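Letters go in sequence order (proteins before strands), and every chain restarts at 1. These numbers were taken from a predicted model, which means no experiment stands behind them. All values below come from the heavy atoms of this structure, side chains included, with hydrogens, waters and symmetry mates left out.
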Amino acid sequence: MTPEQLSTAIVGVLAALTDDGAVTLPDGVPTTVTVERPRQKGHGDYATNVALQLAKKAGTNPRDFAGLVAERLREVDGIGAVDIAGPGFLNITVEAGAQGEVAADVVAAGEAYGASNTFAGEKINLEFVSANPTGPIHIGGVRWAAVGDALGRIFEKTGATVSREYYFNDHGAQIDRFSSSLLARAHGRPTPEDGYGGQYVDDLARAVIGQRPDVLGLPDEEAREVFREVGVEMMFDEIKQSLHDFGVDFDVYFHEDELHRSGAVEKAVERLTELGNTYEKDGALWLRTQKFGDDKDRVIIKSDGQGSYLSGDLAYYLDKRNRGFDRCFIMLGADHHGYVARLMAMCSAFGDEPHVNLEILIGQMVNLLRAGKPLRMSKRAGTVVRIDDLVEAIGVDAARYALARYTSDSTIDLDLDLWAKRSSDNPVFYVQYAHARVASILRNAADLGLAPESHPELLTHEKEGELLRALAEFPRVVAAAAQLREPHRVARYLEATAASYHRFYDNCRVLPMGDEEPSDLHRARLLLVAATRIVLANGLDLLGVSAPERM
RNA sequence: GCCCCCGUAGCUCAGCUGGAUAGAGCAGCGGACUUCUAAUCCGCGGGUCACAGGUUCGAGUCCUGUCGGGGGCACCA
């Protein structure tokens, strides 16, 4: 019996009580009720607070209401005991047989276990990273690479169709500065005042020369164009490669420049003008963002006739909507949070619903520590930590796990020494080790010719019960992670489930010892182990972290 | 000045969107391997949930304010 089934059963009881006139619920019977795993041992396998929630509406007190529910709930198949506790909680114990079914259910579902239809039919657009192609991806962009991709996997698991998109800001002044910097360094001249510094600029300049040896002989104006085209293209490739090595591949790499050249920007601006949300002032065209909650109105066409940065975003947003995405996510670093209000206003200006059609997720900063001391970074000095540096220091699995393990709302301090450790201090190894241990048992069982079998009623050990309940929790955790846009819930869940497995392993012998004759209990436990493997592997996969067979 | 995020055990953080006696890991101390991976498990200690009000049967969680830390407030991208 899973929490969902229990919830359904309780709803059934409530419906029966209303039908009989035993209780009256003015707002009707709820479609789902909260079923949680009590923190406290002795409070049953599951607990619900329905009585506390509904008693007032039913015109009675919580304990009486709980009594009515308990009486009927005890009759339900698979329910072992129902106790009323405290102010009116219902503590429910599930029969071993009903609980043990979970192992077979998980194994039957296999890779699909954890899936749901929470977001079935939804087309979700995820825009993240989108670092400028003026340098390698550094630590600022890497958080969303890990979390955004994980969120995509989670949405897919809950039934959505997901497009991962990277928006290349390859239009405007900073690309000019970038190409000027390349040109300067190619000639051995100092980096321009507002240019880009660092070793990678020199390397890239040389690479461009390697591909276009004639470039040094060209006049500066023409040479700059070559550096712009070839240099930016090379930077694109490097960024894509870094992300690919990080396990993140985007479905769409969208170029801002394209929006300006294709007339998409003009069309988007026309649309907003038709809707009465633009006006001219000081030779520029403004969007009435203040009307929709922004601090002030924003320029979309500058007085020099060029589109502002926002104009590209307008056109891109419209493009996504026209491609059928009803939910567009943009994931930004905390240093861009000031941009949220105008993007939301833009969404409203198009007649869309902010926070529904457009959601903006803000990820706080990531600080790297080594030996407990912050790594000082300077973009100017070129001492930024790049995504590749992070991978080199701690590996892809640890990097992705470490970044996805915390809520995006808080800044994180990642201690590189800790995450590089191959020991239990390191949460990713704790979870992966559990998976390796599971895999080892399954290998040994295969060698013994022992096959798993379903004997749910035999899984009566306390640690078996805890593990079964943990496994049953997985679909709810995935759904909650999707609904709250919080992938870290999956990581935390995996750590708890790994702990539950380790405890089971310590208390319950799975394989026959020595010459011992295999029993149904061995086979039943083996099925539980197989189910655990599926949950750990599926969960790690949602985070883009590998599930090793051996460690 | 205005806006966003954070403040929970010595440290790093959870807390299932208002529930029961606030939980993990690390660090400290003490235990457990002749047989499935000890990269594990078990036990002990450790708290004014920053502070002050408010909302209600009930607040770490919601509201207001204060303090502290971080990040922002362009016809730059």
**Student:** Considering just the side-chain nitrogens and oxygens of A:Lys421, establish if one lies under 4.0 Å of OP1 or OP2 belonging to B:A39.
**Tutor:**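 Checking B:A39 against A:Lys421, no side-chain N or O comes under 4.0 Å of OP1 or OP2.
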
**Student:** Are A:Phe254 and A:Tyr166, when compared by the centres of their aromatic rings, separated by less than 6.0 Å?
**Tutor:**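 No; A:Tyr166 has its ring centre 6.0 Å or more from that of A:Phe254.
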
**Student:** By centroid distance (under 5.5 Å) and plane angle (under 30°), are A:Tyr505 and B:U40 in a stacked arrangement?
**Tutor:**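 No, A:Tyr505 does not stack on the base of B:U40, since the centre distance and plane angle fail the 5.5 Å and 30° test.
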
**Student:** For A:Arg261 and A:Asp257, what are the C-alpha separation, side-chain angles and deciding distance, and is it a salt bridge (charged side-chain N to carboxylate O under 4.0 Å, His left out)?
**Tutor:** CA-CA 6 Å; A:Arg261 279 198 302 229; A:Asp257 204 39; 3.1 Å; yes

**Student:** Please report the shortest heavy-atom distance between A:Glu464 and A:Leu521, naming the atom on each side.
**Tutor:**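 Heavy atoms of A:Glu464 and A:Leu521 come nearest at OE2-CD1, 4.3 Å.
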
**Student:** Is A:Arg489 touching bases, backbone alone, or none of the nucleic acid, heavy atoms closer than 4.0 Å?
**Tutor:**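 Sugar-phosphate only.
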
**Student:** Enumerate all atom pairs, one protein N or O and one N or O from nucleotides 19-25 of chain B, separated by less than 3.5 Å.
**Tutor:**
{"residue": "B:G19", "atom": "N7", "partner": "A:Asn49", "partner atom": "ND2", "Å": "3.4"}
{"residue": "B:A20", "atom": "OP2", "partner": "A:Arg39", "partner atom": "NH2", "Å": "2.9"}
{"residue": "B:A20", "atom": "N6", "partner": "A:Asn91", "partner atom": "OD1", "Å": "2.8"}
{"residue": "B:A20", "atom": "N1", "partner": "A:Asn91", "partner atom": "OD1", "Å": "3.0"}
{"residue": "B:A20", "atom": "N1", "partner": "A:Asn91", "partner atom": "ND2", "Å": "3.1"}

**Student:** Taking the same atom, C1', in B:A59 and in B:G19, what whole-Å distance lies between them?
**Tutor:**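 The answer is 10 Å between these two C1' atoms.
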
**Student:** Would A:Trp419 and A:Asp397 satisfy side-chain contact (heavy atoms from CB on, under 4.5 Å), going step by step from the backbone distance to the final call?
**Tutor:** CA-CA 10 Å; A:Trp419 288 96; A:Asp397 281 347; over 6 Å; no

**Student:** In whole Å, measure the gap between the P atoms of B:U8 and B:A32 for me.
**Tutor:**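 Their P atoms lie roughly 37 Å apart.
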
**Student:** In whole Å, I'd like the distance from the CZ atom of A:Arg437 to the C1' atom of B:C36.
**Tutor:**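 Going from A:Arg437 (CZ) to B:C36 (C1'), I get 9 Å.
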
**Student:** From the options A:Val102, A:Ile92, A:Val94, select the one residue that forms a side chain to side chain contact (heavy atoms under 4.5 Å, CB included) with A:Met1.
**Tutor:**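 With A:Met1 as partner, A:Val102, A:Ile92, A:Val94 yield a single side chain to side chain contact (heavy atoms under 4.5 Å, CB included), made by A:Val94.
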
**Student:** Looking only at atom C1', what distance separates B:A24 and B:G47, rounded to whole Å?
**Tutor:**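 Looking at atom C1' only, B:A24 and B:G47 are 15 Å apart.
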
**Student:** Among A:Glu517, A:Glu516, A:His522, which residue meets the side-chain hydrogen bond (donor to acceptor under 3.5 Å, both in side chains) test with A:Ser519?
**Tutor:**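 Result for side-chain hydrogen bond (donor to acceptor under 3.5 Å, both in side chains) with A:Ser519: A:His522.
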
**Student:** Quick one: does NZ or CZ of A:Arg437 land under 6.0 Å from the six-membered ring centre of A:Tyr505, within 45 degrees of the ring axis?
**Tutor:**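 Cation-pi check for A:Arg437 and A:Tyr505: passes.
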
**Student:** Start with the C-alpha gap between A:Asp415 and A:Arg370, add the side-chain angles, then the distance that decides, and say whether salt bridge (charged side-chain N to carboxylate O under 4.0 Å, His left out) holds.
**Tutor:** CA-CA 6 Å; A:Asp415 190 323; A:Arg370 205 185 274 285; over 6 Å; no

**Student:** Considering only the C1' atoms, how many Å lie between B:C73 and B:A50, rounded to the nearest integer?
**Tutor:**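 Going atom to atom, C1' in each nucleotide, I get 27 Å.
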
**Student:** Of A:Phe429 and A:Arg37, whose closest RNA chain B nucleotide lies nearer the 5' terminus?
**Tutor:**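 That would be A:Arg37.
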
**Student:** Just how far, in rounded Å, is C1' of B:C41 from NE2 of A:His502?
**Tutor:**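 Value for this atom pair: 9 Å.
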
**Student:** For A:Tyr406, report the nucleic acid contact type (base, sugar-phosphate, nothing); a contact means any heavy atom under 4.0 Å.
**Tutor:**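 It contacts sugar-phosphate atoms only.
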
**Student:** Just compare B:U37, B:C6, B:C57 and give me whichever is closest to any side-chain atom of A:Ser410.
**Tutor:**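 Side chain of A:Ser410 sits closest to B:C6.
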
**Student:** Taking the C1' atom in each of B:C42 and B:A52, what is the distance between them to the nearest angstrom?
**Tutor:**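 Their C1' atoms lie roughly 43 Å apart.
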
**Student:** Would A:Asp176 and A:Arg228 count as a salt bridge (charged side-chain N to carboxylate O under 4.0 Å, His left out) if you check the C-alpha gap in whole Å, the side-chain angles of each, and the deciding distance to 0.1 Å?
**Tutor:** CA-CA 7 Å; A:Asp176 298 338; A:Arg228 180 200 304 274; 2.9 Å; yes

**Student:** Tell me: CE of A:Met344 to C1' of B:C3, nearest whole Å?
**Tutor:**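 Those two atoms, CE and C1', are 15 Å apart.
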
**Student:** Using the P atoms only, state how far B:C11 lies from B:G58, rounded to an integer number of Å.
**Tutor:**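 Approximately 33 Å lies between the P atom of B:G58 and that of B:C11.
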
**Student:** From B:A39, B:U17, B:A14, pick the nucleotide closest to the side chain of A:His488?
**Tutor:**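 Selected nucleotide (nearest to the side chain): B:A14.
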
**Student:** Would you mind reading off the distance between A:Leu403 atom CG and B:C13 atom P, rounded to a whole angstrom?
**Tutor:**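 A:Leu403 atom CG is separated from B:C13 atom P by 13 Å.
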
**Student:** Within less than 4.0 Å of OP1 or OP2 of B:U37, is there a side-chain N or O belonging to A:Ser440?
**Tutor:**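 For B:U37, OP1 or OP2 has a side-chain N or O of A:Ser440 closer than 4.0 Å.
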
**Student:** With respect to the side chain of A:Tyr430, which nucleotide from B:G15, B:C36, B:U40 is positioned closest?
**Tutor:**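 The listed nucleotide nearest to A:Tyr430's side chain is B:U40.
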
**Student:** Quickly work out the A:His435 NE2 to B:A39 P distance and round it to whole Å.
**Tutor:**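 My rounded result for the distance is 18 Å.
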
**Student:** Take atom P in B:G72 and the same atom in B:A38, then report the distance between them in whole Å.
**Tutor:**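 Each nucleotide's P atom is 48 Å from the other's.
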
**Student:** I'd like to know if A:Asp294 and A:Arg298 make a salt bridge, using a cut-off of under 4.0 Å between side-chain N and carboxylate O.
**Tutor:**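 Counted as a salt bridge, because a side-chain N and a carboxylate O are separated by less than 4.0 Å.
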
**Student:** Please confirm whether the backbone N or O of A:Gln306 pairs with a side-chain atom of A:Asp304, one donor and one acceptor, at under 3.5 Å?
**Tutor:**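 Flag set: sc A:Asp304 to bb A:Gln306 pair under 3.5 Å.
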
**Student:** Reading RNA chain B 5' to 3', how would its secondary structure be written in dot-bracket notation, given Watson-Crick and G-U pairs with both distances under 3.5 Å, brackets [ ] for crossing pairs and | for partners on other strands?
**Tutor:** (((((((..((((.....[...)))).(((((.......))))).....(((((..]....))))))))))))....

**Student:** Just do the side-chain hydrogen bond (donor to acceptor under 3.5 Å, both in side chains) check on A:Asn367 and A:Asp413 with the steps written out, would you?
**Tutor:** CA-CA 5 Å; A:Asn367 300 310; A:Asp413 297 324; 3.1 Å; yes

**Student:** NA contact type, A:Gln432, heavy-atom cut-off 4.0 Å: base, sugar-phosphate, or nothing?
**Tutor:**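 Counting heavy atoms under 4.0 Å across all strands, no contact is made by A:Gln432.
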
**Student:** Could you state the atom-to-atom distance from CD1 of A:Ile362 to P of B:C6 in whole Å?
**Tutor:**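 Answer to the nearest Å: 12 Å.
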
**Student:** Figure out the CG/C1' separation between A:Asp413 and B:C11, and round it to whole Å.
**Tutor:**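 It works out to 11 Å between those atoms.
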
**Student:** Just the rounded figure in Å: distance from C1' of B:A27 to CG of A:Asp417.
**Tutor:**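 Checked: the CG to C1' distance equals 16 Å.
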
**Student:** Any idea which of B:C57, B:C6, B:U37 is nearest the A:Ile441 side chain?
**Tutor:**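 Of the options given, the side chain of A:Ile441 lies nearest B:U37.
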
**Student:** Please confirm whether A:Arg525 makes a cation-pi placement over A:Phe504, using NZ or CZ under 6.0 Å from the six-membered ring centre and within 45° of the ring normal.
**Tutor:**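 No; the conditions do not both hold, so A:Arg525 does not lie above the ring face of A:Phe504.
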
**Student:** RNA chain B: A:Asn507 or A:Arg550, which has the more 5' nearest nucleotide?
**Tutor:**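 Upstream on the strand: A:Arg550.
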
**Student:** Sugar-phosphate means primed atoms, P, OP1 and OP2; the rest is base. With that split, encode nucleotides 66-76 of chain B 5' to 3' as B, S or - using protein heavy atoms under 4.0 Å.
**Tutor:** ----BBS-SBS

**Student:** Is there a side-chain contact (heavy atoms from CB on, under 4.5 Å) between A:Val299 and A:Leu287 once you walk through the steps?
**Tutor:** CA-CA 6 Å; A:Val299 167; A:Leu287 181 64; over 6 Å; no

**Student:** Looking across every strand, which nucleic acid part, if any, lies under 4.0 Å from A:Glu486 by heavy atom: base, sugar-phosphate, or nothing?
**Tutor:**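 No contact.
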
**Student:** In terms of side-chain heavy atoms of A:Tyr433, which of B:U17, B:C36, B:A39 is nearest?
**Tutor:**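 The listed nucleotide nearest to A:Tyr433's side chain is B:A39.
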
**Student:** Considering only the P atoms, how many Å lie between B:G60 and B:A20, rounded to the nearest integer?
**Tutor:**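 It comes out at 9 Å once rounded to the nearest Å.
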
**Student:** Any base atoms under 4.0 Å from A:Thr407, or only sugar-phosphate, or nothing? Heavy atoms, all strands.
**Tutor:**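 Sugar-phosphate, no base atom in range.
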
